[in-house]
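The block underneath contains the structure these notes are about, expressed in structure tokens.
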Amino acid sequence: MADACGQILLGSGLTVLSHPLMYIKVLIQVGHEPLPPTLGRNLFGRQVHQLPGLFAYAKHIIQIDGKAGLFNGLVPRLCAGSIGTIVHSKVLQKCQEQGTPQVLGGQQKAVEGSLQHVVNETTKEMIARSCATVVTHPFHVITLRCMVQFIGRETKYSGVFDSIVTVYREEGILGFFAGLIPRLLGDVLSLWICNLLAHLINTYAIDDSMSHTGEIKNCSQAVTGFFASMLTYPFVLVSNLMAVNNCGLAGGLPPYASVYPTWVDCWRHLSKESNMSRGNSLFFRKLPAGKMYAIDQKRFF
């Protein structure tokens, strides 16, 4: 219990610090561009038209809502983080106690560091993460909608309990799980890619006789985690868009945004417009090719 409390406190602190970044990222993901492109230079010194980055976007929000405006949606996100930590810890502990079926190699206990051990441990982690994601997704939906309100200057989602009532009244139980499927798929794929790729690198590319082997393996885990998150980013983007899609906010309705019947339709539309990486970078944001900036709607077409 003490470990869980420590994780909650640490996670809450990191959440508070990183919240402005997530807020700006979400607004960029839904296509909100309040500031027109400017002429700048890329990493190679070449002049290009760029979209405002993190600091310019943050300054714009502060000018409108003050510094506190950078923390819209923080409370439901903190709720999601705290509840998710507890659920993940409890489910993972249960999986460790009961064990999981030996996926490879019969009934013998898996040797630590073997492929069978990695598969078994990843399976337990997948179950724990998936349970935490499902339980906390309603708070994630409310968090995103509190953020997207910035676009239309609405106050529809003003508090956690009021937001829960609003979602249930307008969309029923299913409204709390908008965008859940692509989020789950992205989490599961990212976990398996990260762990299996790290296992391959640690097994075949790193010699145990090398000095600082432990640090090198930890570094490879971090690198593969970053690589996996890049590969599965489209699932994150589609999930966030579906969470605010057709929810009654200006940022999720025409003419500002398209209405998607399913997340697959959203994926196809983004893929067709080559927008699968929108919001993936907060710096050196290149102007989309063939797009026109509409100053009245503050987005690109």
Side-chain angles (χ1 to χ4, degrees), residues 7 11 14-15 18 21-22 25-26 28-29 80-81 84-85 87-89 91-92 95-96 99-105 110-137 140 144 177 179-208 210 213-243 262-264 266-268 270-271 274-283:
Q7 290 177 8
L14 293 175
T15 296
S18 65
L21 277 73
M22 179 187 174
K25 194 180 192 73
V26 168
I28 294 174
Q29 285 176 338
T85 299
V87 172
H88 178 274
S89 176
V91 174
L92 187 60
C95 288
Q96 296 289 0
T100 56
Q102 300 297 324
V103 181
L104 300 172
V111 178
E112 186 173 353
S114 65
L115 177 59
Q116 178 182 332
H117 180 265
V118 171
V119 170
N120 291 338
E121 292 303 311
T122 304
T123 300
K124 297 173 185 177
E125 179 66 19
M126 178 187 67
I127 295 172
R129 284 196 190 183
S130 298
C131 290
T133 297
V134 172
V135 171
T136 60
H137 194 74
H140 180 67
L144 296 176
F177 299 98
L180 175 62
I181 294 177
R183 187 183 179 200
L184 276 176
L185 289 174
D187 285 348
V188 170
L189 286 174
S190 178
L191 176 63
W192 281 99
I193 292 172
C194 174
N195 287 2
L196 291 179
L197 192 57
H199 171 73
L200 292 175
I201 293 174
N202 293 339
T203 302
Y204 299 105
I206 299 177
D207 190 350
D208 288 337
M210 297 170 58
T213 303
E215 290 83 351
I216 295 175
K217 288 185 176 181
N218 290 334
C219 182
S220 70
Q221 187 79 25
V223 171
T224 55
F226 176 77
F227 178 71
S229 66
M230 292 288 289
L231 286 179
T232 57
Y233 178 78
F235 290 96
V236 177
L237 175 60
V238 171
S239 173
N240 288 351
L241 291 180
M242 292 305 297
T262 66
W263 72 270
V264 177
C266 179
W267 184 291
R268 288 173 178 169
L270 292 174
S271 180
S274 301
N275 270 336
M276 298 303 289
S277 61
R278 187 170 66 194
N280 195 23
S281 174
L282 297 178
F283 301 96

Which pair of heavy atoms, one from [X] and one from [Y], lies closest together, and at what distance?
X: M242; Y: G179; value: CB-CA, 3.8 Å
X: P182; Y: S239; value: CG-CA, 3.8 Å
X: V91; Y: A128; value: CG1-CA, 3.6 Å
X: L144; Y: M22; value: CD2-CE, 4.1 Å
X: S190; Y: A228; value: O-CB, 3.5 Å
X: I28; Y: L282; value: CD1-CD2, 3.7 Å

- Applying ring-ring contact (aromatic ring centres under 6.0 Å, His included), name anything that partners W192, two or more places apart in sequence or on another chain. none
Report the distance from atom [atom1] of [X] to atom [atom2] of [Y], rounding to the nearest 0.5 Å.
X: L197; Y: N202; atom1: CG; atom2: CG; answer: 9.5 Å
X: N120; Y: E125; atom1: CG; atom2: CD; answer: 13.5 Å
X: L189; Y: T232; atom1: CG; atom2: OG1; answer: 7.0 Å
X: H88; Y: Q7; atom1: NE2; atom2: CD; answer: 8.5 Å
X: C95; Y: M126; atom1: SG; atom2: CE; answer: 9.5 Å
X: I127; Y: T123; atom1: CD1; atom2: OG1; answer: 6.5 Å

- Sorted by chain and number, sequence neighbours left out, salt bridge (Lys or Arg N to Asp or Glu O under 4.0 Å) with R278 holds for none
- Message: Under the criterion side chain to side chain contact (heavy atoms under 4.5 Å, CB included), I'd like the reasoning laid out for L237 against L270: C-alpha separation, chi angles, the key distance, then a yes or no.
- Response: CA-CA 9 Å; L237 175 60; L270 292 174; 3.9 Å; yes
- Task: Report the C-alpha distance between S130 and L184 in whole Å, list the side-chain angles of each, state the deciding distance to 0.1 Å, and finish with yes or no for side chain to side chain contact (heavy atoms under 4.5 Å, CB included).
- Result: CA-CA 7 Å; S130 298; L184 276 176; 4.1 Å; yes
- Go through R129 and V188 one step at a time and tell me if the side chain to side chain contact (heavy atoms under 4.5 Å, CB included) criterion holds. CA-CA 8 Å; R129 284 196 190 183; V188 170; over 6 Å; no
- Task: Just say parallel, tilted or perpendicular for the rings of W267 and W263, cut-offs at 30° and 60°.
- Result: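 Perpendicular.
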- Do we see a donor-acceptor contact under 3.5 Å between the side chains of Q29 and N280?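 Distance-only check fails for Q29 and N280.
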- Message: Is it the case that over 12 heavy atoms from other parts of the model lie below 6.0 angstrom from the CZ atom of F177?
- Response: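 Yes, because the 6.0 Å sphere around CZ of F177 holds more than 12 heavy atoms from other groups.
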- Message: For the CD1 atom on I181, are there more than 12 heavy atoms of other groups (residues, nucleotides or ligands in this structure) within a distance under 6.0 Å?
- Response: no
Is a donor on one side and an acceptor on the other found under 3.5 Å between the side chain of [X] and the backbone of [Y]?
X: T224; Y: Q221; answer: yes
X: S89; Y: T85; answer: no
X: T122; Y: V119; answer: no

